[in-house]
Amino acid sequence: MERSVDMPHATHIRNPLQAIAWWQHDFRRMFSARVRDAQLGFRNTWYLGALTLGTFTIQVSTGLLLMLYYHPSIPQGYADMKDLEFVVSSGVMLRSLHRWSAHAMVFLVFMHMAKVFYRRAYQPPRELNWVVGVSLLLATLLLSYTGYLLPWDQLSYWGTTVGASIISSMPFVGARLRFYLLGGHTVNANALLRFYVLHTMIFPLVVIMLIAVHLWRLHKDGGMYEPDEQGKPILPDHIPAEDDLFRGVENEKTLSYRELLFREIIGIEALAVVLFSMALIWKAPLDELANPLHTPNPAKAPWYFTGLQELLHYFPPFIAGIILPVLIVSGLFIIPFVPFFDDVSTADLCRWARDKSGRTITIAIVMLVLSALLIRIHAWDALLPLWIVVTLLCLAGRTADQQKGFRNWVRSRSLSFWIMTLFLMEAVILTSVGTFFRGPSWTWVWPWRG
Amino acid sequence: MAEEREKRAADYDRASLDRRQFVKVGTTSLGVAGLGACVFGFRYLSPNVLYEPPPIVSVGRPERFAVGSVTLDPRFGIFVARVQEGFYALSAVCTHLGCLSNWKADTGEIVCPCHGSTFRRDGTVTSGPAPEPLPWLKVWIGDDGNLMVDRSATLPAHSEYVQA
Amino acid sequence: MSLRNQFGGVWRFFVGTAPRRFASVSVLLAIVSAIAPTKDFFSQWRHYQEEYSHFIRTRPDAGRLQRRFESGIHQIWIPEQRVVDRCTTCHVALQEASLSDVRKEPFRPHPAMPHSLTEFGCVVCHHGQGAATTVQEAHYSTKAWEQPILPARYLESSCGQCHMDALEGTPQLNLGRRLLARYGCAHCHAITQPDGTLVAPVDEPPSLEHVAEKTTREWIFAWTKNPQAYAASATMPNYRFSDQEASDIASFLVAQSTSSDNSAKELPKSVASLPGSDTVQEGTSLYGTLFCASCHAIQNAAGNLVGGEMAPELTRAGNKVNPDWLRRWLRAPQGYDPKTRMPRYRLDEKQIALLSSFLLSKKDDDLLANVHLPASDAQSIARGKKLVSDYGCVACHRINGVNPPESFAPDLSRIGSKPLFQVGFLRGMPETLPDYIAGKIHDPRAFGPALKMPNFSLTDGQIEALTTALLAQTDRAVTMPPELVRSSPHPKYHPGGGAGRLMEDLRCQSCHAINGNGGDMAPDLTFEGSAVNRAWLLDFMKNPNTLRPALIRRMPKFNLSDAEIKGLSDYMLSAYQASGFDSQALDLSTLNSDAATRGKQLFYSKYACQSCHIADYKKDKGYVGPALAGVGDRLTPVWMYRWLKNPNALLPGTPMPNFSLSDNEARDLTAFLATLKEHKKGGLK
């Protein structure tokens, strides 16, 4: 069905043009057969998936080039970072690009996940793709974590030590797992080598394979998501013949994949311009050589883990480091498989709460107890999003069905929307606090007071 | 909405991308990007500093070497030879494929263990696949009295002998 | 067209349709990615190298300089030392001697340096970040590299990382190390040297076990409050005690004092009851003739310190010592303090009385005038004991009932590499390690009121020298492989037998060095047995005379018995021999009068020895070397001959030059010198 009539068989390619045609044919498999006008616009997906892929490409190419000057040993690795900064042509720019792209990739992959979620693009038949996507998110974070150790400066060393300690707080298997990960009892030469192999070989291969599956599924599932008026996805009824695609605009609703590809490439290039400029203006930081005898104060994880570090400040490592992340990740994975949460709207929730008199009071008591517990450990920043969400819910619930814009919008949101929003708000607030408002010994500081 | 659609369609008519255009634009931009990447790559890939020992080395006091001897200095791959006329030095790197050759005192020959090239004590080839004789290297007595050899400076054979 | 329309037109041109957008963004990306490789051409080091290129065109040897100059990044790579130094990228002319008049950095050539650049690199001496190629990162303390360039005035500290011997080119380091030993820093601070041994203090703080015999509570109070008020040259530091604390310490020290051996002995009746100031006058002359000033100093009327620094200053000794104690001490110093370096002079009672009256007259009435201490009670003593323990007095002085403190002060073995995060700087002071060390020595208590380190009265120059010596104590120094440490170890030498005991009693090694041990105030006696004639030695020991008229110091007269003199001389003549001094070394028959005449000619005309040596007191004025007027009595001919041939072989470091004399010349000179005899006994005082 996906091959048109005069498509040459792979063994019958007789000239370069036929080869190009064959290659284009397979390339086309990555994209949906048809692209609708409505799907082309920026507003649709913000091209986030493509941008993430773009940053990954940048990472692979800059990473390959950096590998040519980096020796994963102690202290040669650190000396190589110095060489890149002082001696290698464009070395400092390449390294900065690699670092800022890494940050951008983590940020974009989160944004992509949020966008896909909020557009309900995880609904059948896209459940598998969602799972693959969450796996890609985890793989991205692991790529970041393993790459962080390679410069072997103070920040790298202690950040990795803290991360490894979190792993060891797992019951039964924690210590052993840490021993295998580090290749020893402390972060030393073995750990550096293992992290190097993980960062340059294993995780990139995993990510590439997952991306391949991700894109293949995208094609199979009918391409870019487009909901109808009821919010259900439109599925393509057939895959048109190849000739149709190359005829340009054949009807006002269907365009070729090239339009989309084009726009996505523009987006990727624009992102590249931004990242290159960042790399030129802001040099990637390098601390002193790792000193196992001295922990800097504060010793902060990279920004995408400072939220976790903030949680670790409040809760014991087992809870904040293992339980909560496991819960969150499992929650992310099962989103497409529990449609119940999608179908329950705020209005339904409020109706349910008001049904029996005891229910409202119980909910209020639960909220107060939770707040009291969190206040007791001074976790104001963790408490704030909870209160925002609950306030919005209450606001929606107090009024009857009205046509007023905002309240009506709130009333129609599903329960899954609130759960995800709460999670995202917590992530943003905790990460912001951990990055900007925490100083030496993790005490509160106002960043403008320095 | 309809006008927008029409406008969009009109735009596409004007600047519509058929396969040829796409291939043209695509390959041109790829070519330009590739060229830029090549220039960048060559500058990046060519190291500006080398972690290699310098070519000028000191091989020791001249008194150590007896007249008529040929001594291999394995640290630097140099044969230090002393004859009646004075000192000279040969590169011990076989001119065939780069292995380090050895001095066989019993036969008075330099032999390469990799493919069996043999040389006389003045570097000329006697047998084996080596295409060129072993090059003579510049020798002089340094300020501290030691014998100095510049491994990067070759001389014509038999051209210079250095007095101790 | 309105501006808005114009702007809109331009906008549409660039981003109107998708292909145009693509083109615009691509062009933008191409431009942005071209920036980084272009920036390379404007790097800082390239700028300096271009400047150098232009600069050398103005020089007379431009061609040669240009040929020698290679552009690009220069690197000194020494893998065994993990040295990667790129300083020569900007400092291109370090080894260009022809640019020695150039002052402008970074083109100034390096002054003469004792070590080759390619074997040591730059950073091992100058610190800084060797791998950097920008000024900011190479020279200054940055986030990625804490250690800045070492200021030039502390440069000698780098030499001290490997060299433990006193080098000619490191006067400040040598001074600093002497001060470290002299001011007793090593009593409290452990400082491990590159060869693994600890710095040994050379000051000798007196034992306080019997201090109540020697002095009064009032004096101890005044001393503890301000040692330098009693003796300006005292190395004891000032602990800034309050009056109450000083009084408590004085009470405790007096209370813990026990009886010394001396106190048990009966003193013969004192002869010093002669009235009048004549006793002081005679005492002063006796002090002079005994040459006490060789070791002790007294401040004269002009305020200058006259005398040696080996022993305590006596300017105000009269305020301090108990007269009975003084008599006992002058009779037998070792009876009070078995470890004292003061010799037993074998003075008779009259001499002791005269000396006592002289010393007791040395007092300053203001010193103890206002000292009125309350009575000493048990609480005061207990407080005093606690203070003595807390402040570590026992690290230096032996005190009854208080044990020496362990790990009392920080170990300074690696102070030169101390990371800055471990340092608490004062507000407003430059945050560098040398400034911290200097500041700490200058005013320790400023760094924290609870600190116990006292104030040493040191000049700025002395503090700088001390800082230099301490900066040499780096991680590299302490972990240096033994074969790279440069030192001249001197095993402790102690003479043996009866003569040895006598030499201990007389404390000969306080002033004389023998076999590498001892003082440097008097001639080295290691080869004295080969050098001197027996008759002269016997005579000298009876009546020491001077060999160097210009010097104030003299060997004291010990009033030894003939038997003692004979024993000592025989020992020295047989034990302190150099090799190759047997009778075969020189044919004495060749030393005839003809040779002596030729020798005199050589002495006065050819080599002008009289510029340094006195052969005839009437004519010559050479005060640099020892007087040779009686050298024929003193030195053996073989010694003179060997000395003239090669002085440095017999006494390394001697100022006497080696004239490369031929054998004949040396023989002639020896013959001449052998004729120089003095017939007076006693010689010049």
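Just so we're on the same page: letters track the sequence lines, and every chain starts at 1.
- Nearest heavy atoms, R86(C) versus Y51(B): NH2-OH, 2.8 Å.
- Within a 6.0 Å sphere centred on CD of E168(C), other residues, nucleotides and ligands contribute 12 heavy atoms or fewer.
- Annotation: R61(B), atom CZ; neighbour count of heavy atoms from other residues, nucleotides and ligands within 6.0 Å is above 12.
- One distance of note links CG of N48(B) with CG of D40(C); it measures 7.5 Å at 0.5 Å rounding.
- More than 12 heavy atoms of other residues, nucleotides or ligands sit less than 6.0 Å from atom OH of Y161(B).
- Within 6.0 Å of the CZ atom in R64(C), the count of heavy atoms belonging to other residues, nucleotides or ligands exceeds 12.
- Listed here is the closest heavy atom pair of Q75(C) and L50(B): NE2-O, 3.7 Å.
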